[in-house]
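Written below as structure tokens is the structure these notes are about.
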Amino acid sequence: MKDNMTPLTDVLDFIVDNRGKTVPTSDSGIPLIATNCIKHSSIYPTFDNVRYVNDETMKTWFRAHPKPNDIIFVNKGTPGRVCLVPDAVGFCFAQDMMGFRCDPKKIDYQYLFAVLRSNFIQQKIENFHVGLVIPHFKKGDLGHIKIPRLSSRQLELAVGKLYIKLSKKIELNNQINVELEAMAKTLYDYWFVQFDFPDANSKPYKSSGGKMVYNEVLKRDIPEGWENGSLDDIGQVVGGSTPSTSERNNFADIATPWITPNDLSKNQGNKFISRGAQDVTADGIKSASLKTYPTGTVLLSSRAPIGYMAIAQNPLTTNQGFKSFIPNKGYSTEFVYYSVRNSLKTIEQYSSGSTFKEISGSVLKTVKTILPESKIVDDYTATVADTFARQNNLELENQQLSSLRDWLLPMLMNGQVTVSQ
DNA sequence: AGTAAACAGACAAACCCTTG
DNA sequence: CAAGGGTTTGTCTGTTTACT
């Protein structure tokens, strides 16, 4: 790395620091973010499990508040995670993190932000962890974090801006995906919940007076010709398993993809999955009598967090935390996906267990659902197939963008690659 | 034998206390 | 009172045990 380094503390103007004391919260008011809101999947803090403080607390309790373009630095739990403070701040923060305010005469916040997120600095930070119980980064060690400097401030700024631009493109793709998802879901609801699928004259069926028949099992009117059924009717329900983890031969980096709920929680937001953290070998498959599921299988986590869903992008298998639907009963992946999603509330209600909730395969199979005429299902599939393909492409593009970003950053930092300004 | 539930450990986050 | 540390709480998940 560069020989030209500046201690982190030398480029900062101020540090927002509210560590060590507990904020009184209230039911509403100004959002109070905690360390779980600082994630590298987002440039800005997210508002997960956010709590609130009232005006009075906001004004009097804190030592300081973050300002736009401050860099929030987590120093407890998983020290080193950083996010930027957006232009409209809209939140305050308390313990276990600090806010770095850059001295604009000395460094651009964009560059410092990119550097702090680099593996190079993340590893340095890890080396300073203290605490026997909880990893902890001491404020006093900030001066030991050395920031590599480039030949000019202009170059640094360009690097920082490039990093942020790539990150923003990734987040934009994610937003597009959220909207595509809403569209496909809305269409499902419109066709199969409200029954306003296009009739023979391309008019919405129910609203245009399409014939409805009372169904005893579902206890409501459904379009004539449709039937009641259960989730067992729309796909083959299969459960995964875990080979003995003490037997090293059961696992490998590249073999048959094997998905655990943990892979989906890390993958959050992604609709398609190709592989998890570990693959299982032929030995592992044999010892746990695992079955491989085909592309297009709909995965549903069935333990602890019930309801993580994903679609197999290639043949794979899962651990025991999943029940999956192989779409081999005449209903498409697209239809199965939303039928299951639409049943999640019931599935959660049917789950049992004292330590944590779990839905068993046999109970899952009994969850009632509607079985439309196959032509309507086919039409739906044809309509949303393109949306699914676009979502998949955007997810793949994001994987490429983030690996590009993470590959490029160290090259830029050590001068192997340069940016035209 | 295969599936479901319980157990227990790991981990992370939120919170609180002590010390200089 | 700031800063550094631990305690508590809660969640997640692989493994074991129990039950068809």
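Order of the sequence lines sets the chain letters (A, B, ...), proteins ahead of strands, with each chain counted from 1. None of these values were measured; they are calculated from a predicted model.
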| Closer than 4.0 Å, any side-chain N/O of A:Thr78 to the OP1 or OP2 of B:dA12? | no

| Side-chain-base donor-acceptor pair under 3.5 Å for A:Lys76 and C:dG4 | no

| Counting just side-chain N and O atoms, does A:Thr22 come under 4.0 Å of either OP1 or OP2 of B:dC16? | yes

| query | Quick one: which of B:dC16, C:dG14, C:dG5 gets closest to the side chain of A:Gln95? | reply | B:dC16

| task | Could you verify whether a donor N or O on one side chain and an acceptor N or O on the other, from A:Lys161 and A:Gln110, lie under 3.5 Å apart? | result | no

| field | Length of the CD1-C1' vector between A:Ile15 and C:dA2, whole Å | value | 13 Å

| message | One thing to verify: whether A:Arg149 and A:Glu156 come together as a salt bridge, which I'm taking to mean a side-chain N less than 4.0 angstrom from a carboxylate O. | response | yes

| Taking atom C1' of B:dT3 as reference, at what distance in whole Å does atom NZ of A:Lys291 sit? | 12 Å

Which side-chain N or O atoms in residues 136-144 of chain A pair as donor and acceptor under 3.5 Å with protein atoms at least two apart or in another chain?
| residue | atom | partner | partner atom | Å |
| --- | --- | --- | --- | --- |
| A:Lys139 | NZ | A:Asp17 | OD2 | 3.0 |
| A:Asp141 | OD1 | A:His144 | ND1 | 3.3 |

| query | Between the side-chain atoms of A:Lys138 and the base atoms of C:dG5, is any donor-acceptor pair under 3.5 Å? | reply | no

| said: Does a side-chain N or O of A:Thr35 approach OP1 or OP2 of B:dA14 to a distance below 4.0 Å, or not? | reply: yes

| query | What pairs with A:Thr381 under side-chain hydrogen bond (donor to acceptor under 3.5 Å, both in side chains), at least two apart in sequence or on another chain? | reply | A:Ser332

| query | If each of A:Ile134 and A:Asp141 is mapped to the nucleotide of DNA chain C with the nearest heavy atom, which maps nearer the 5' terminus, i.e. the 5' end? | reply | A:Asp141

| task | Look at A:Arg101 together with A:Asp13 and state whether they make a salt bridge at an N to O cut-off of under 4.0 Å. | result | no

| task | Measure from CG on A:Asn49 to C1' on B:dA12 and round the result to the nearest Å. | result | 12 Å

| message | If only side-chain N and O atoms count, and only distance matters, is there a donor-acceptor pair under 3.5 Å linking A:Arg390 with A:Thr387? | response | no

| message | Using the ring centroid of each side chain, check whether A:Phe192 and A:Phe335 are separated by less than 6.0 Å. | response | yes

| said: Between P on B:dC15 and NE2 on A:His136, what's the gap in Å once rounded to a whole number? | reply: 16 Å

| field | Any residue of residues 54-66 of chain A with a heavy atom less than 4.0 Å from an atom of DNA chain C | value | A:Arg63

| Reckon A:Gly321 touches a base, only the sugar-phosphate, or nothing at all at heavy-atom distances under 4.0 Å? | nothing

| field | Rounded distance (Å) that lies between atom P of B:dC17 and atom NZ of A:Lys21 | value | 15 Å

| field | B:dA14 phosphate, OP1 or OP2, under 4.0 Å from A:Asn36 side-chain N/O | value | yes

| field | Distance test, side-chain N/O of A:Arg19 to OP1/OP2 of B:dC17, below 4.0 Å | value | no

| For C:dT13, does OP1 or OP2 lie under 4.0 Å from any side-chain N or O of A:Asn319? | no

| task | State whether A:Lys139 places a side-chain N or O below 4.0 Å from either non-bridging phosphate oxygen (OP1 or OP2) of C:dA3. | result | yes

| request: Could you check how far CD1 of A:Ile38 sits from C1' of B:dA14, rounded to whole Å? | output: 15 Å

| task | For A:Asn173 and A:Asn398, test the side chains for any donor-to-acceptor distance below 3.5 angstrom and give the result as yes or no. | result | yes

| request: Assign A:Gly239 to base, sugar-phosphate, or nothing according to its heavy-atom contacts below 4.0 angstrom with the strands shown. | output: nothing

| query | What integer distance in Å separates A:Gln320:CD from B:dT3:P? | reply | 12 Å

| query | To the nearest angstrom, how far is A:Asp17 atom CG from C:dG4 atom C1'? | reply | 11 Å

